[in-house]
Visitor: 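Shown below is the structure under consideration.
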Amino acid sequence: MIINGVELQDIDILDLEIAEKYEKAIESIDDISTKIEGMKVSESIKAQCNAIFEVFNTMFGKGTDKKVFGDKVNLLVCIKAFEELVEEMSAKNSEVEKLANKYSPNRAQRRKKK
């Protein structure tokens, strides 16, 4: 997978261990908006970017934040990279849902055919 122009190892969100790690990483940033209330802009940027750095380090291993973001701490770059990660994970979930729906019975459609 490519995040912020950097190729990272593909991770399988459908693997139980990876899914648990991902959920934990996402939960760690869920309440970031309340944490940054009242902070100066610079403090807010640092807190939000550090939270996103930690997500990448949790999912791909220590040092991934440096690989993806270098030494810059730019909120827009961090948010876009995080969005890319979430979209990648959601796409894999959508693929499974599509397959599951293909084989799950839909009573209304079955009744139409009769």
Side-chain angles (χ1 to χ4, degrees):
M1 106 179 34
I2 297 179
I3 305 287
N4 195 30
V6 176
E7 187 162 349
L8 299 175
Q9 69 190 43
D10 282 335
I11 55 175
D12 184 3
I13 191 62
L14 302 173
D15 177 83
L16 177 61
E17 187 176 314
I18 301 292
E20 289 174 338
K21 193 186 309 186
Y22 180 69
E23 289 168 355
K24 185 178 177 184
I26 295 300
E27 286 173 5
S28 73
I29 62 167
D30 273 347
D31 62 346
I32 193 74
S33 60
T34 57
K35 289 180 182 177
I36 63 170
E37 283 181 24
M39 286 185 175
K40 294 178 186 177
V41 173
S42 60
E43 293 171 335
S44 172
I45 291 170
K46 184 177 182 178
Q48 291 177 77
C49 287
N50 283 336
I52 291 171
F53 295 163
E54 192 55 38
V55 169
F56 278 90
N57 288 335
T58 298
M59 296 307 301
F60 298 98
K62 292 261 185 233
T64 303
D65 60 328
K66 296 294 182 195
K67 183 177 178 183
V68 173
F69 303 102
D71 291 327
K72 289 198 117 199
V73 180
N74 181 296
L75 184 57
L76 184 59
V77 172
C78 288
I79 290 174
K80 284 182 177 181
F82 180 71
E83 180 182 36
E84 290 175 28
L85 175 65
V86 170
E87 286 175 353
E88 186 75 29
M89 297 300 105
S90 295
K92 290 183 181 182
N93 279 333
S94 295
E95 186 178 331
V96 169
E97 286 176 17
K98 184 178 175 183
L99 283 171
N101 289 337
K102 183 177 179 181
Y103 296 105
S104 65
N106 182 326
R107 295 184 80 196
Q109 285 182 352
R110 285 189 298 166
R111 286 184 185 163
K112 264 186 173 177
K113 290 181 182 179
K114 288 184 178 183

Visitor: What are the two closest heavy atoms between Phe53 and Cys78, and how far apart are they?
Guide: CE2-SG, 3.5 Å
Visitor: Spell out, as yes or no, whether a donor-acceptor pair under 3.5 Å connects the side chain of Asp15 to the backbone of Glu17.
Guide: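 Yes; judged by distance alone, with no hydrogens or angles, the pair exists.
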Visitor: According to a hydrophobic-cluster definition based on side-chain heavy atoms being under 4.5 Å apart (Ile, Leu, Val, Met, Phe, Trp, Tyr only), do Ile26 and Leu8 belong together?
Guide: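 Both belong to a single hydrophobic cluster.
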Visitor: At what distance, to the nearest 0.5 angstrom, does CD of Gln48 lie from CD of Glu43?
Guide: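 Between atom CD of Gln48 and atom CD of Glu43 there are 12.0 Å.
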Visitor: Would you say Ile3 and Leu76 are hydrophobically clustered, going by side-chain heavy atoms of ILVMFWY under 4.5 Å?
Guide: no
Visitor: Side-chain contact, heavy-atom cut-off 4.5 Å: Phe60 with Leu85?
Guide: yes
Visitor: Are Met39 and Ile29 connected in a single hydrophobic cluster, I mean Ile/Leu/Val/Met/Phe/Trp/Tyr linked by side-chain heavy atoms less than 4.5 Å apart?
Guide: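 Looking at the clustering, Met39 is in a separate group from Ile29.
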Visitor: Examine Ile32 and Ile52 and state if one hydrophobic cluster contains both, with Ile, Leu, Val, Met, Phe, Trp and Tyr joined whenever side-chain heavy atoms are less than 4.5 Å apart.
Guide: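 They do not share one cluster, since no chain of ILVMFWY contacts under 4.5 Å joins Ile32 to Ile52.
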Visitor: At what distance, to the nearest 0.5 angstrom, does CG of Asp12 lie from OH of Tyr22?
Guide: 13.5 Å
Visitor: Could you report the tightest heavy-atom contact between Thr34 and Asp31, atom names first, then the distance?
Guide: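 Answer, listing the atom of Thr34 first, then Asp31: OG1-O, 2.7 Å.
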Visitor: Is there a donor-acceptor pair under 3.5 Å between the side chain of Glu84 and the backbone N or O of Asn4?
Guide: yes
Visitor: To the nearest 0.5 Å, what is the distance between CG (Leu75) and SG (Cys49)?
Guide: 5.0 Å
Visitor: Which heavy atom of Ser44 sits nearest to which heavy atom of Ile36, and what is that distance?
Guide: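 Scanning both residues completely, I find the closest heavy atoms to be OG-CD1, 3.5 Å.
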Visitor: So how far is it from Gln9 CD to Met59 CE, rounded to the nearest 0.5 Å?
Guide: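 Result: 9.0 Å between the selected atoms.
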Visitor: So which heavy atom on Met1 is nearest to which on Glu88, and how close?
Guide: CE-CG, 3.6 Å
Visitor: Ignoring hydrogens, what is the shortest heavy-atom contact between Ser28 and Lys35? Give both atom names and the distance.
Guide: O-NZ, 4.1 Å
Visitor: Distance from Leu16 atom CG to Lys21 atom NZ, nearest 0.5 Å?
Guide: 12.0 Å
Visitor: Looking at Asn57 and Gly63, what are the two nearest heavy atoms and their distance?
Guide: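 Between these two residues, the closest heavy atoms are OD1-N, 3.3 Å.
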Visitor: Tell me whether Leu14 shares a hydrophobic cluster with Val86, the cluster being built from Ile, Leu, Val, Met, Phe, Trp, Tyr side chains joined at under 4.5 Å.
Guide: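 In one cluster with Leu14: Val86, yes.
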Visitor: To the nearest 0.5 angstrom, please state how far the CD atom of Glu87 sits from the CZ atom of Phe82.
Guide: 11.0 Å
